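Scroll down for the structure; my scribbles are underneath it.
Every chain is numbered from 1 and lettered A, B, ... according to where its sequence line falls, protein lines coming before strand lines. Note that the structure is predicted; figures quoted are calculated from it, not measured. Because only heavy atoms are used, hydrogens play no part in the values below, and waters and symmetry mates are left out as well, while side chains stay in.
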Protein chains: 2
Amino acid sequence: MSLDQLAGLLADRTRAAFCMALLDGRAWTAGELARHAGVSPSTASEHLSRLVAGGLLAEERQGRHRYVRLANPAAAALIENLAVYASSVAAPAATPGNLRESVRMSAEAQARTCYDHLAGRLGVAVTDAVLARGLVSDDAGFAVTAAGRAWLASQGIDLAALKGSRPLVRSCLDWTERRHHLAGTVGAALCGRALDQRWVERIGTGRALAVTPGGRTAFRELLGLELPARRPGGAE
Amino acid sequence: MSLDQLAGLLADRTRAAFCMALLDGRAWTAGELARHAGVSPSTASEHLSRLVAGGLLAEERQGRHRYVRLANPAAAALIENLAVYASSVAAPAATPGNLRESVRMSAEAQARTCYDHLAGRLGVAVTDAVLARGLVSDDAGFAVTAAGRAWLASQGIDLAALKGSRPLVRSCLDWTERRHHLAGTVGAALCGRALDQRWVERIGTGRALAVTPGGRTAFRELLGLELPARRPGGAE
DNA sequence: GGCACAGTTCGGCGGGCACCGAAGTGTTCG
DNA sequence: CGAACACTTCGGTGCCCGCCGAACTGTGCC
């Protein structure tokens, strides 16, 4: 497959909408994606088949449902990086068309998942905190320090178990905050921990997350973060 | 700009060919790119205008020549990452159509520039050596060690001067070797050093590099690398 | 076993885009 | 100053693709 063929897969507003939705890290059904993108089931079916054949998505059948998800972390990083670069080019993408959309975009700016790690203001704040506390260093590259290794172990995150083909820590540029946040397998593990411990919970079907009261306490105690009480759709 | 619009810029074989050519890090004229891609000057002109307007390329006029280059390192990383992912999907892109193309692809596999850093077997070998010698560590992320800082200083590369918005060290997956090589500002500085000291020199107008006899000596002395004497188009 | 649901396949329709040649503009050189 | 070169603009042509409705298939539930 060539560069223009891969790019062609994403050069359509319906397929692009599917991929952006799937950046929440979850599996969606074909019907859900059709409704999300506002197209008919037949259109969705055809587009999904092309995305699967092209290697960006993976599928799984369960009874009469066809579930699809992003094929792998590299596909997710590709799509996120394209979206970040696109949003940095002048003439920004759509502004909120109505109140509901404005609320959604605000929620996503607060906290959300970026494929498998925390993003939005929460993601940036967590990244600033781990840097400030010396748990991760960016002096000579981006690496977990010895203190960070111990801290992660106290959170049940074993670095040795995370070693693999993906980088342990990677900096991911946030499209809402335009600042970096922690990605890589450590970033994913932290996100998983936050969801498991119910420090954050998902809002609806999008990528938005809400910090729970218990989460506010945990982030204060573990990282010294004072997070605002979240009011749905309201001011900080 | 949205994801599908940005992807649409690359979803055409002519524009994709332009961007791949520009991954050599140099500026090309519109006429050179037209010939490279096998299209007429008018076609090239229109495509280049779209790529510039879309933020992937930057242009500069000099007399009757229009020079274009990749807009910034992020654009280069995007294109390289897309090309790497595309090549990893089954049904590989074009195999060499003739002897000349086979020779060119072989040369690029040996050593080439990947936008601004060394890639190919040379890039991978250099990366393996700096890891083995403890100049860069990947234990807990990708970072230059204290020994590496000193070594780079002995090569006239000052880390403090390299600090900026780009990561110092970044791992870039190589599409010919399918292994990682050193990217980021340190990777770029090393490549610049190798070109300045004439350890490598460019071959023709592509991205291929040849290791010079002086370079073979330098790589052996500095990093313990035994590089084969390069025979154009021949076996190792 | 029949009905409802989820998804697939296929032919038709309309819109958009890549390409080029011709004519033009701007720059450079003899 | 005129010719040559590099590039641009624009109208025309042909091809490709996204979308959908209708008919179909497979699954699940009552």
- CG (A:Leu51) and SG (A:Cys19) are apart, to the nearest 0.5 Å, by 5.0 Å
- Query: Going through the distances and angles, do B:Phe142 and A:Leu168 end up as a side-chain contact (heavy atoms from CB on, under 4.5 Å)?
  - Reply: CA-CA 8 Å; B:Phe142 217 42; A:Leu168 270 181; over 6 Å; no
Please enumerate all protein N or O atoms sitting under 3.5 Å from an N or O of nucleotides 3-5 of chain D, with distances to 0.1 Å.
unit_1, atom_1, unit_2, atom_2, d
D:dC5, O2, B:Arg64, NH1, 3.4

- Query: B:Arg66 side chain N/O closer than 4.0 Å to the phosphate oxygens (OP1, OP2) of D:dA6?
  - Reply: no
- For A:Thr127 and A:Leu182, indicate whether the former's side chain and the latter's backbone hold a donor-acceptor pair under 3.5 Å. yes
- side-chain hydrogen bond (donor to acceptor under 3.5 Å, both in side chains): pairs with one or both residues in residues 33-46 of chain B, sequence neighbours excluded: B:Ser40-B:Ser42, B:Ser40-B:Thr43
- Message: Does anything in residues 5-14 of chain B come within less than 4.0 Å of DNA chain D? Heavy atoms only, and list the residues if so.
- Response: none
- B:Thr212 (side chain) donor-acceptor with B:Trp199 (main chain) under 3.5 angstrom: yes
- Item | Under the side chain to side chain donor-acceptor pair (under 3.5 Å) test, residues paired with B:Arg50 that sit two or more places apart | none
- Item | side chain to side chain donor-acceptor pair (under 3.5 Å) against A:Glu201, all qualifying residues, sequence neighbours excluded | none
- Item | Smallest separation among heavy atoms of B:Asp116 and B:Cys191, with atom names | O-CB, 3.3 Å
- Query: Going from CD1 on A:Ile157 to OG1 on A:Thr185, what distance comes out if it is rounded to the nearest 0.5 angstrom?
  - Reply: 10.0 Å
All N/O donor-acceptor pairs, side-chain side in residues 5-17 of chain A, below 3.5 Å, sequence neighbours left out:
unit_1, atom_1, unit_2, atom_2, d
A:Gln5, OE1, A:Ser2, N, 3.0
A:Gln5, OE1, A:Ser2, OG, 3.1
A:Asp12, OD2, A:Thr14, N, 3.0
A:Asp12, OD2, A:Arg15, N, 3.2
A:Arg15, NE, A:Leu9, O, 2.6
A:Arg15, NH1, A:His47, ND1, 3.0
A:Arg15, NH2, A:Gly8, O, 2.8

- Message: Which is more 5' along DNA chain D, the nucleotide nearest A:Val39 or the one nearest A:Gln62? Just name the residue.
- Response: A:Val39
- Message: Please identify the 5'-most and 3'-most nucleotides of DNA chain C with any atom under 4.0 angstrom from a heavy atom of chain B.
- Response: C:dA18 to C:dT28
- Query: Which residues pass the side chain to side chain donor-acceptor pair (under 3.5 Å) test with B:Gln197, sequence neighbours left out?
  - Reply: none
- Message: What residues from residues 43-52 of chain B pass a heavy-atom cutoff of under 4.0 Å to DNA chain C?
- Response: B:Thr43, B:Glu46, B:His47, B:Arg50
- Task: List the steps and the verdict of side-chain contact (heavy atoms from CB on, under 4.5 Å) for A:Glu59 and A:Arg66.
- Result: CA-CA 7 Å; A:Glu59 73 180 320; A:Arg66 176 190 198 183; 2.8 Å; yes
- Message: If the condition is side chain to side chain donor-acceptor pair (under 3.5 Å), which residues does B:Asn72 pass it with, not counting sequence neighbours?
- Response: A:Tyr85
- Task: Report the end-to-end axis angle of the helix from C:dG1-D:dC30 to C:dG30-D:dC1; each axis comes from five terminal pairs, and the value is rounded to 10°.
- Result: 30°
- Sidechain-backbone polar pair: B:Arg193 side chain, B:Gln155 backbone, donor-acceptor under 3.5 Å: yes
- How many angstroms lie between atom CZ of B:Phe18 and atom CE of B:Met20, to the nearest 0.5 angstrom? 14.0 Å
- Message: Between P on D:dT8 and OH on B:Tyr67, what's the gap in Å once rounded to a whole number?
- Response: 14 Å
Report, one pair per line, the protein and nucleotides 23-25 of chain D atoms (nitrogen or oxygen only) whose separation is under 3.5 Å.
none

- Query: Going from OG1 on A:Thr29 to CD on A:Glu60, what distance comes out if it is rounded to the nearest 0.5 angstrom?
  - Reply: 12.0 Å
- Interatomic distance, B:Arg202 atom CZ to B:Leu195 atom CG [nearest 0.5 angstrom]: 5.5 Å
- Closest nucleotide of DNA chain D for A:Ser42 versus for B:Ser42: which of these residues is on the 5' side? B:Ser42
- A:Leu23 CG to A:Ile79 CD1 distance, which is reported to the nearest 0.5 Å: 5.5 Å
